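Below, chains carry the letters A, B, ... as their sequence lines are ordered, and counting in each starts from 1. Note that the coordinates shown come from a computational prediction; the quantities given were computed from them, not determined experimentally.
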Protein chains: 2
Amino acid sequence: MVIDQAMRVVETEGIDKLSMRRVAEQLGASPMSLYRHVASKKELLGALAEEVMADLRPPGGDRSPRARVLAALEHAREAMSRHPWLLPVLLAQDPPPVRRPWLTEHVLDALLEAGLDESAAVCAYRSLWQYVTGHLLNAGREDAWRERAASAHTSDELATELEPFPVLRHALPRLASLDVHEQFTAGLEAQLDGFLATAERA
Amino acid sequence: MVIDQAMRVVETEGIDKLSMRRVAEQLGASPMSLYRHVASKKELLGALAEEVMADLRPPGGDRSPRARVLAALEHAREAMSRHPWLLPVLLAQDPPPVRRPWLTEHVLDALLEAGLDESAAVCAYRSLWQYVTGHLLNAGREDAWRERAASAHTSDELATELEPFPVLRHALPRLASLDVHEQFTAGLEAQLDGFLATAERA
DNA sequence: CAGGGATGCGTACGGTGTACACCATGTCCG
DNA sequence: CGGACATGGTGTACACCGTACGCATCCCTG
């Protein structure tokens, strides 16, 4: 019940409005009463994260291993991008909770089927996961970047600031018009294909 | 002076011991006096981040473009891993500060020289950067994961918890013995080579 | 019925960022 | 010289936060 209400708060008011007092208030209870159900706020957050991760089951299908990896990670990205608070919370939890690792299982399996040996598969999985998380964490700011880039044309101040960086300045419009989702799949495919290629060579 | 002292606090006591009151105290001043020099704590953190980023100049050299990209990003990883607070702070800043983008300039330049067209280079740069940040954010927890993985042999509870995930369970020892730095360069090279390969095909 | 554990809650402590009003000092201009 | 004004410092106060501690109340069992 507590975590349900907490989830509701997070979803409606955002993660930084989540406080013990807020949850208790909406529950018509006193702040301290929550501690009968939850050891600490950190644990509460962990429970929230686990709840979301629990139904992070990659889509099935009888596609090629490569396609399965791409689909699984794209699915994960999409799901996690709908809960922007999730990733920071997960990263703040130590030790990392065992979170029904469907994704890991699925991707590892596909990588092995694609011909990677076990240690290469593990390495590749971690790399791909890191890429996905990195993308998610940066993606929120892309809009701000875009504005910044767009204003480079008009703002003299920014123009002179970028004076020592000719390549960047010239490429700035491209950066502004970059489609976030396209860029995600491009990077994902590049990395995966890189791994598959080195596996092939061995 | 304020930011210098703040930097000192962060370096010696960690980022979460940084508070206006703490800095003021060490400066022998009152908390509110800081606000004459800094608009808010957020701005203070931004200034700290910028200070570190300012001397994030990738190493030069007359190597191949590929080697230059790798060296630049490895340099960035190494530098940022020495300041674990940096990346979270950067990601919390909106809008992202213009932070003397030596790295961007350097990598973009190398990518263009490697034969990518401008929009591909921009896309690749963002992907690579996202990978680096993702790696850094996850890397701190690797030790905890390693412990967790190591305890899988002994702990029955974890063993039964992993029962529905045979592939993962079998691969767990590999995960535990993964060298973080090797994994970083492997993923980096895979992604970069993937981008270079698709550029070649075009 | 007596006792005891589970559960809820009120109070309080120590911490945070910062709005606001006030004061000290120096600098410049009429 | 006298007063305006900018610059920096301070003390108080507010609105929060997480949570340690101890007391009150309930139900369940012996």
Task: Nucleotide of dC17(D), dT10(D), dT11(C) approaching M32(B) most closely (side-chain heavy atoms) - done: dT10(D)
Task: Nearest-Å distance for atom pair CG/C1', residues L27(A) and dT7(C) - done: 14 Å
Task: Donor/acceptor link under 3.5 angstrom from R21(B) side chain onto base of dG15(C) - done: no
TODO: Choose from dT19(D), dG17(C), dT10(D) the nucleotide whose nearest atom is closest to any side-chain atom of A29(B).
DONE: dT10(D)
- [ ] Could you state the atom-to-atom distance from NZ of K41(A) to C1' of dC16(D) in whole Å?
- [x] 11 Å
Open item on the list: Is it true that, when you exclude H181(B) itself, more than 12 heavy atoms of the residues, nucleotides or ligands shown sit nearer than 6.0 Å to its NE2?
Closed with: yes
TODO: Please figure out whether Y35(A) or S33(B) has its closest DNA chain D nucleotide nearer the 5' end.
DONE: S33(B)
Open item on the list: Check this for me: does any side-chain nitrogen of one of E78(B) and R82(B) sit under 4.0 Å from a carboxylate oxygen of the other?
Closed with: yes
Open item on the list: Without decimals, in angstroms, what is the distance between E43(A) CD and dT19(D) P?
Closed with: 10 Å
Task: Of the listed nucleotides dG8(D), dG17(C), dG22(D), the one nearest the side chain of R36(A) - done: dG22(D)
Task: Nearest-angstrom distance from the residue atom CG of D16(B) to C1' of dC17(D) - done: 15 Å
- [ ] Return the value, rounded to whole Å, for the distance between atom CD of E25(A) and atom P of dC9(C).
- [x] 14 Å
Open item on the list: If I take atom CZ in residue R22(A) and atom P in nucleotide dA15(D), what distance separates them, rounded to the nearest angstrom?
Closed with: 16 Å
Task: N-O pairing of E25(A) and R22(A) below 4.0 Å - done: yes
Open item on the list: Using OP1 and OP2 only, check whether a side-chain N or O of H37(A) sits under 4.0 Å from dG8(C).
Closed with: yes
Task: Salt bridge E189(B)-R66(B), side-chain N to carboxylate O under 4.0 Å - done: yes
TODO: Quickly work out the E13(A) CD to dC17(D) C1' distance and round it to whole Å.
DONE: 16 Å
Task: Presence of S30(B) side-chain N/O under 4.0 Å of dG11(D) phosphate oxygens OP1/OP2 - done: no
- [ ] Specify the separation, in whole Å, of atom CG of L34(B) and atom P of dG9(D).
- [x] 9 Å
- [ ] Would you please classify the geometry between the W102(A) ring and the F165(B) ring as parallel, tilted or perpendicular, with 30° and 60° separating the classes?
- [x] perpendicular
